[in-house]
Structure formats: C-alpha cells, structure tokens
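Okay, structure first, notes after.
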Amino acid sequence: LTRRMLASARQDRFRFEEAATAAAGLAAMREHKFDAVLVDYQLGELNGTDLIRRCVSEGCPTPLILLTGWGSYDIDLEAMQAGAEDYLPKQDLTPALLERSIRYAIERKRSANELRQHEAVLARERELLQILFDSIPVMIIMFRPGLGQVQFNQTFERLTGWTTADAQALKEEVLERMHPDPAERKRSAEFFLQAQPGWQTFEIYTRGGAALPSRGSNIRLTDQTQIGIGID
C-alpha cells in the first residue's frame with residue numbers, strides 16, 4: 001500500500017527498506033540512517049507505539065510516523081506521547097497526504113535536532129562562562145542597574161567576605177558598608193553606573209571591616225548588564 005501510494009508522489013522519490021518485525025526494525029535503525037520510518041501499529045510482540053517509545057529512549061534521530069488501521073483518539077494521543085512525529089489512519093491515507101506527512105516529519109525532526117544541538121552549544125558556553133566567572137583570579141561583580149540583580153564571583157567573595165546572598169538580602173546597604181565614606185561611595189557608584197573606560201582606584205571595606213585597596217574597571221553589555229572587574 002505504501003509503495004503504491006508513494007510511487008505516484010509528485011515531488012519526491014523514495015527508496016524503501018522493510019522490516020517485518022519490531023526487533024528487525026530496531027536492528028535496522030541501529031545500523032542504518034534513515035530519513036523517516038513508517039511504523040505499523042500491529043507488530044506482534046510490540047505495538048507501534050512501544051517501538052516508537054523504545055526508539056526515542058535510545059536517542060533515535062529519525063522521524064517516526066505511525067500508520068494504523070486502528071484509528072482512534074487514544075492511539076493518536078499515545079503515539080504523540082511516545083514521540084511519533086505524525087499519526088496516520090490507513091483508511092484516510094492518500095498519496096499526497098502520505099508524502100506531505102513524510103516531508104513535514106523530516107523537516108520538523110531536522111529543526112528539532114538543530115535546536116537541540118544549538119541548545120547543547122549554549123549549555124557548554126554557559127558552563128564555560130560560569131567556570132571562568134568563578135575561577136578567574138580577579139574580583140567580578142555582575143549587576144543590572146535598577147533591577148536589584150547582583151552577583152559576585154568566588155574571588156570577590158573570598159577577598160571581601162561579601163557574598164551574592166548578602167547583596168540580595170542587604171541590597172543598597174551592601175554598597176554603604178563596602179564604601180562607608182559617602183564621597184567614596186558616590187565616586188564608585190558614578191564610575192560603575194556610567195560604565196566609564198579605564199581603571200580607578202577604590203578602597204573596599206570587607207565584611208570584617210578591613211580596608212582592601214583595589215583597582216576597578218567595568219564594561220556594559222548590550223542588555224545593559226554591567227560587569228565590574230576589580231584587582232586587589
């Protein structure tokens with residue numbers, strides 16, 4: 001039935017491989033790369049949704065389309081939850097519908113795979129940035145002016161004793177306690193809020209009350225996040 005329908009497809013040409021059982025189908029998918037897989041619902045020891053669920057659990061990148069003569073909402077829902085790209089009752093099949101389903105399933109799966117790859121790259125970049133943020137031997141403060149979002153890196157916390165949790169709990173009071181002198185506090189705030197270039201010398205007071213001479217610089221990102229850099 002499938003061969004006859006797709007033999008009359010207008011746009012694409014298809015080359016088939018066929019597996020008579022679920023086990024043979026799984027073996028073929030593990031061995032070869034297919035553009036799409038059409039899965040019958042009745043497969044003996046496993047039904048089609050069981051096979052699809054097994055494929056998805058093994059990380060199969062191929063789009064899977066369930067074909068069945070047992071058309072029902074429950075099977076449709078079960079197939080989608082198992083990870084099928086589409087569900088097609090055989091009694092409703094036409095050559096155009098089957099061809100379109102295959103093409104759309106391939107495109108959706110390709111887009112989903114590209115999105116996962118992109119997300120994996122972003123996750124690695126975030127991990128790298130977090131490692132650099134925490135391990136680089138300079139003091140770093142990230143903050144969003146007006147939003148009350150402040151983050152200190154581990155070097156800053158180790159040298160000053162002030163933590164990100166302190167900044168979140170004490171808010172403006174942290175700045176007051178790091179710069180108890182009003183004039184020095186104003187100079188520091190203006191320098192960092194205006195993202196001025198170059199380096200300035202400041203005196204930060206640690207959580208224990210000791211003076212920590214430091215030099216600071218800062219940059220502003222396009223989303224207005226500011227990164228303050230300090231050297232003991």
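Every heavy atom of this structure was used, including side-chain atoms; hydrogens, water molecules and symmetry mates were not.
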Over all atoms of both residues, closest heavy-atom pair of [X] and [Y]:
X      : Y      : answer
Leu64  : Cys55  : CD1-CB, 3.9 Å
Ala36  : Ile106 : CB-CG1, 4.1 Å
Leu51  : Ala22  : CD1-O, 4.0 Å
Val56  : Ala82  : CG2-O, 3.5 Å
Arg185 : Pro180 : NH1-O, 3.4 Å
Ala105 : Pro63  : O-CB, 3.5 Å

With side chains defined as the heavy atoms from C-beta onward, is the minimum distance between [X] and [Y] less than 4.5 Å?
X      : Y      : result
Val39  : Val37  : yes
Thr164 : Glu157 : yes
Ile227 : Ile141 : no

More than 12 heavy atoms from other groups under 6.0 Å of NE2 on His118: no
Would you check if the side chain of [X] reaches a backbone N or O of [Y] as a donor-acceptor pair within less than 3.5 Å?
X      : Y      : value
Ser57  : Arg54  : yes
Ser217 : Gly198 : yes
Asn153 : Met139 : no
Arg220 : Gln226 : no

Look up atom [atom1] in [X] and atom [atom2] in [Y], then write down how far apart they are to the nearest 0.5 Å.
X      : Y      : atom1 : atom2 : value
Gln154 : Thr163 : CD    : OG1   : 12.0 Å
Leu66  : Met80  : CG    : CE    : 7.5 Å
Gln81  : Ile52  : CD    : CD1   : 12.0 Å
Ile229 : Asn218 : CD1   : CG    : 8.0 Å
Leu129 : Leu122 : CG    : CG    : 10.5 Å
Leu132 : Leu128 : CG    : CG    : 4.5 Å

Val121 vs Glu125, side chain to side chain contact (heavy atoms under 4.5 Å, CB included): CA-CA, chis, key distance, verdict: CA-CA 6 Å; Val121 170; Glu125 290 178 351; 3.7 Å; yes
Verdict with supporting geometry, Asp86 and Arg100, salt bridge (charged side-chain N to carboxylate O under 4.0 Å, His left out): CA-CA 11 Å; Asp86 206 351; Arg100 185 168 63 248; over 6 Å; no
Verdict with supporting geometry, Glu78 and Tyr87, side chain to side chain contact (heavy atoms under 4.5 Å, CB included): CA-CA 10 Å; Glu78 183 183 357; Tyr87 162 86; over 6 Å; no
Evaluation steps, side chain to side chain contact (heavy atoms under 4.5 Å, CB included), between Leu67 and Thr2: CA-CA 10 Å; Leu67 296 175; Thr2 302; 4.1 Å; yes
In plain terms, say whether [X] and [Y] are close enough for a salt bridge, that is, a side-chain N and a carboxylate O under 4.0 Å apart.
X      : Y      : answer
Glu127 : Arg124 : no
Arg103 : Glu107 : no
Arg187 : Glu184 : yes

With clusters defined by side-chain heavy atoms of hydrophobic residues (ILVMFWY) lying less than 4.5 Å apart, directly or transitively, does [Y] cluster with [X]?
X      : Y      : value
Ile136 : Ile231 : yes
Ile140 : Met178 : no
Leu175 : Phe156 : no
Met5   : Leu88  : yes
Tyr104 : Leu98  : no

Criterion side chain to side chain contact (heavy atoms under 4.5 Å, CB included) on Met142 and Phe152, from CA distance to verdict: CA-CA 7 Å; Met142 288 200 303; Phe152 302 149; over 6 Å; no
Parallel, tilted or perpendicular: ring planes of Phe143 versus Phe192, cut at 30 and 60 degrees: perpendicular
Aromatic plane relationship, Phe14 with Phe16 - under 30° parallel, 30 to 60° tilted, over 60° perpendicular: tilted
Residues 203-215, side-chain donor-acceptor partners within the protein, below 3.5 Å, at least two apart:
| from | atom 1 | to | atom 2 | distance (Å) |
| --- | --- | --- | --- | --- |
| Thr206 | OG1 | Gly208 | N | 3.3 |
| Thr206 | OG1 | Gly209 | N | 3.4 |
| Thr206 | OG1 | Ala210 | N | 3.1 |
| Thr206 | OG1 | Ala210 | O | 3.4 |
| Arg207 | NE | Asp166 | OD2 | 3.0 |
| Arg207 | NH2 | Asp166 | OD1 | 3.2 |
| Arg215 | NH1 | Thr201 | OG1 | 3.0 |

By salt bridge (Lys or Arg N to Asp or Glu O under 4.0 Å) - contacts of Arg30 (at least two apart): Glu58
Distance-only donor-acceptor check, side chains Gln130 and Asp134, under 3.5 Å: yes
